[in-house]
Protein chains: 2
Amino acid sequence: MALEHAILVSLLEKPGSGYELARRFERSIGYFWTASHQQIYRVLGRMEADGRLVVREVEQQGRPDKKEYSVAGPGRGALADWLHKPIEPESLRHDLAVKIRGAAFDDPAALIREVERHRRAHRDRLAHYLAGEARDFTGPEAPAPPDAGQELQHVVLRGGIAYERMTIAWLDDVLDTLHRLAGRAPGPAA
Amino acid sequence: MALEHAILVSLLEKPGSGYELARRFERSIGYFWTASHQQIYRVLGRMEADGRLVVREVEQQGRPDKKEYSVAGPGRGALADWLHKPIEPESLRHDLAVKIRGAAFDDPAALIREVERHRRAHRDRLAHYLAGEARDFTGPEAPAPPDAGQELQHVVLRGGIAYERMTIAWLDDVLDTLHRLAGRAPGPAA
DNA sequence: CGCTCCATGTAAACTGTTACATGATTGT
DNA sequence: ACAATCATGTAACAGTTTACATGGAGCG
């Protein structure tokens, strides 16, 4: 159900169309929640029908009209209810870890390329987060003093940065392990 | 689709029943993939129908009979195919981060209890992982030298440990931020 | 002419959660 | 007697992914 709440938070930060939300889910909100445009349009339709959102048709020049959504009273209430209700601490879903354990029944060396690819992706994501942090929070252009919303956005971004740094360090550990195993026995085991 | 692959890896490590798999998904495999028994039974049924698994009825004394599943040739092939196919680097799903950003439109101080609860859960999980590491890998009972499968299980567990440590440190950062905001403005903003 | 961006959606398949259901054994 | 553990499932619903579908504007 958290997609609904993520959309409410994003629209409270700034109203926008389904398309714009989809873009945000590739960027800032996407640091901790992902959603495709198909999902977003469906949920927006439902939330508008439920009275949590209001739409405004916006005519544009040189591009298609868009529907700008913003949060209505009941939407704000639904978000407040959810914020006050405890949630379960997350459990991870990590495909790559499944692959690493699966490598025991295949060739561990064959995984090295894949792990390196993931390491590059995480390194790029870290660079992207750090650039965003400098632009919005720590650089000379950043607003001083920051308001509560900016402080909270920043602490979430610091979480993303910590996650990427941790992941890169772990992938280095994985690569070391795979190289050691590849040196030891160069074929499929088991 | 990774539940299927996680089941294949687990059954290659050791054949077992749906019930036993559900237990493993609360423990070792559960460090990086979760699944309920309902899901597991459904997928086991499908995989057996597809010829990826074979079942053996095992009579037991003092407890109900069970169906012991093990991986068939096509199952091993399906796993190998998946292992050689690149996967997308994961994107996070972190409800708590949605809540933290949402707190800008509610009372940040009201989130402190919830964050503390999550911190305790992660601290407990870390202790559990560390106990498992000592028991299976670094303690005096651990097999020496470890085989490839154990090395790979260990590196995945180290990833879980690093994740929990990072998360605890981040939650401390979040708590500092919330305390600072609570001291500054004691009501809902926006 | 083809590519990317803007903007919106539908449909089908699959995955995951919640609730319900049964029945024996072991321990308190 | 009651609760927990072992063991297996069904059914309904909610959420997610993948594929299909349309169409204009601007750039090289």
Side-chain angles (χ1 to χ4, degrees), chain A residues 1-7 15-27 29-30 32-50 53 55-69 78 82 85 87-88 90-95 98, chain B residues 1-8 15-27 29-30 32-50 52-53 55-69 78 82 85 87-88 90-95 98:
Chain A
M1 275 279 192
L3 175 54
E4 217 175 289
H5 307 295
I7 287 175
S17 68
Y19 186 86
E20 282 161 0
L21 279 171
R23 319 251 55 198
R24 290 184 212 172
F25 275 93
E26 286 167 12
R27 306 174 74 269
I29 317 283
F32 51 90
W33 202 270
T34 51
S36 59
H37 76 275
Q38 293 90 333
Q39 265 177 282
I40 290 166
Y41 283 119
R42 182 148 40 112
V43 174
L44 283 175
R46 190 182 64 206
M47 289 171 80
E48 196 228 323
D50 293 350
L53 301 179
V55 204
R56 195 169 60 93
E57 291 273 346
V58 177
E59 285 170 45
Q60 297 187 114
Q61 278 137 4
R63 44 177 81 174
D65 295 353
K66 66 175 178 178
K67 296 183 189 171
E68 195 185 70
Y69 290 89
W82 179 71
K85 215 177 57 189
I87 52 172
E88 282 302 299
E90 343 272 314
S91 31
L92 282 175
R93 286 279 161 100
H94 212 311
D95 297 66
V98 179
Chain B
M1 275 279 191
L3 175 54
E4 219 175 288
H5 307 296
I7 287 175
L8 286 170
S17 68
Y19 188 85
E20 283 161 0
L21 279 170
R23 319 251 51 198
R24 292 185 211 170
F25 275 92
E26 286 167 12
R27 306 175 74 268
I29 316 283
F32 51 91
W33 202 269
T34 52
S36 58
H37 76 275
Q38 294 91 334
Q39 263 178 284
I40 290 167
Y41 283 120
R42 191 175 38 185
V43 174
L44 283 174
R46 190 182 64 207
M47 288 170 80
E48 197 228 323
D50 293 351
R52 288 182 164 83
L53 302 179
V55 203
R56 193 169 60 94
E57 291 272 346
V58 178
E59 285 170 45
Q60 298 187 115
Q61 280 136 4
R63 41 176 85 174
D65 295 354
K66 65 175 180 180
K67 296 182 189 170
E68 195 186 71
Y69 291 89
W82 178 71
K85 215 176 58 186
I87 53 173
E88 282 301 300
E90 341 273 315
S91 32
L92 282 175
R93 286 277 161 102
H94 213 309
D95 297 67
V98 179

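Within every chain, numbering begins at 1; the chains are lettered A, B, ... in the order of the sequence lines, protein sequences first and strands thereafter.
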Counting C-beta onward and ignoring hydrogens, is there a side-chain heavy-atom pair between A/Leu92 and A/Glu90 closer than 4.5 Å? no

Has A/Arg42 got a side-chain N or O lying under 4.0 Å from the OP1 or OP2 atom of D/dT17? no

Taking only residues two or more places apart in sequence, or in another chain, which ones meet B/Lys67 in a side chain to side chain donor-acceptor pair (under 3.5 Å)? none

Measure the distance from CG on A/Leu3 to P on C/dT17 and round it to the nearest whole Å. 16 Å

How many Å lie between CG on B/Leu44 and C1' on C/dT15, as a whole number? 15 Å

Specify the separation, in whole Å, of atom CD of A/Glu57 and atom C1' of C/dC6. 15 Å

Heavy-atom pair with the smallest gap, counting every atom of A/Gly18 and A/Ile40: O-CG2, 3.9 Å

Distance in angstrom units between B/Gln38 CD and C/dA21 C1', rounded: 12 Å

Separation of B/Glu88 atom CD from D/dT17 atom C1', in whole Å? 13 Å

To the nearest 0.5 angstrom, please state how far the CG atom of B/Leu53 sits from the OH atom of B/Tyr69. 7.5 Å

Of the listed C/dG9, C/dG16, D/dT16, the closest approach to the B/Gln39 side chain comes from C/dG16

Determine the minimum heavy-atom distance between A/Val98 and B/Trp33, stating which atoms define it. CG2-CE3, 4.4 Å

Nearest-angstrom distance from the residue atom CZ of A/Arg27 to P of C/dC5: 14 Å

Using the test side chain to side chain donor-acceptor pair (under 3.5 Å), find all partners of B/Arg42 that sit at least two apart in sequence or belong to another chain. none

Sub-3.5 Å pairs of nitrogen or oxygen atoms, protein against nucleotides 5-8 of chain D:
residue : atom : partner : partner atom : Å
D/dC6   : OP2  : B/Tyr19 : OH           : 2.8
D/dC6   : OP2  : B/Arg23 : NH1          : 2.9
D/dA7   : OP1  : B/Gln60 : OE1          : 3.2
D/dA7   : OP1  : B/Gln60 : NE2          : 2.5
D/dT8   : OP1  : B/Lys67 : N            : 2.7
D/dT8   : OP2  : B/Ser17 : OG           : 3.4
D/dT8   : OP2  : B/Tyr19 : N            : 3.0
D/dT8   : OP2  : B/Tyr41 : OH           : 3.2
D/dT8   : O4   : B/His37 : NE2          : 3.4

Please enumerate all residues that pass side chain to side chain donor-acceptor pair (under 3.5 Å) together with B/Asp50, with sequence neighbours excluded. B/Arg52

Nearest-Å distance for atom pair CD1/P, residues B/Ile7 and C/dT15: 11 Å

Could you tell me which residues satisfy side chain to side chain donor-acceptor pair (under 3.5 Å) with A/Glu20, sequence neighbours excluded, listed by chain and number? A/Lys66

Between CZ of B/Phe25 and P of C/dT17 the distance, given in whole Å, is 12 Å

With a 6.0 Å cut-off (strictly less than), is the heavy-atom count around CD of A/Gln60, excluding the residue itself, greater than 12? yes

Counting just side-chain N and O atoms, does B/Arg93 come under 4.0 Å of either OP1 or OP2 of D/dT16? yes

Bending between helix ends of the helix from C/dC1-D/dG28 to C/dT28-D/dA1 [5 pairs per end, 10° resolution]: 30°

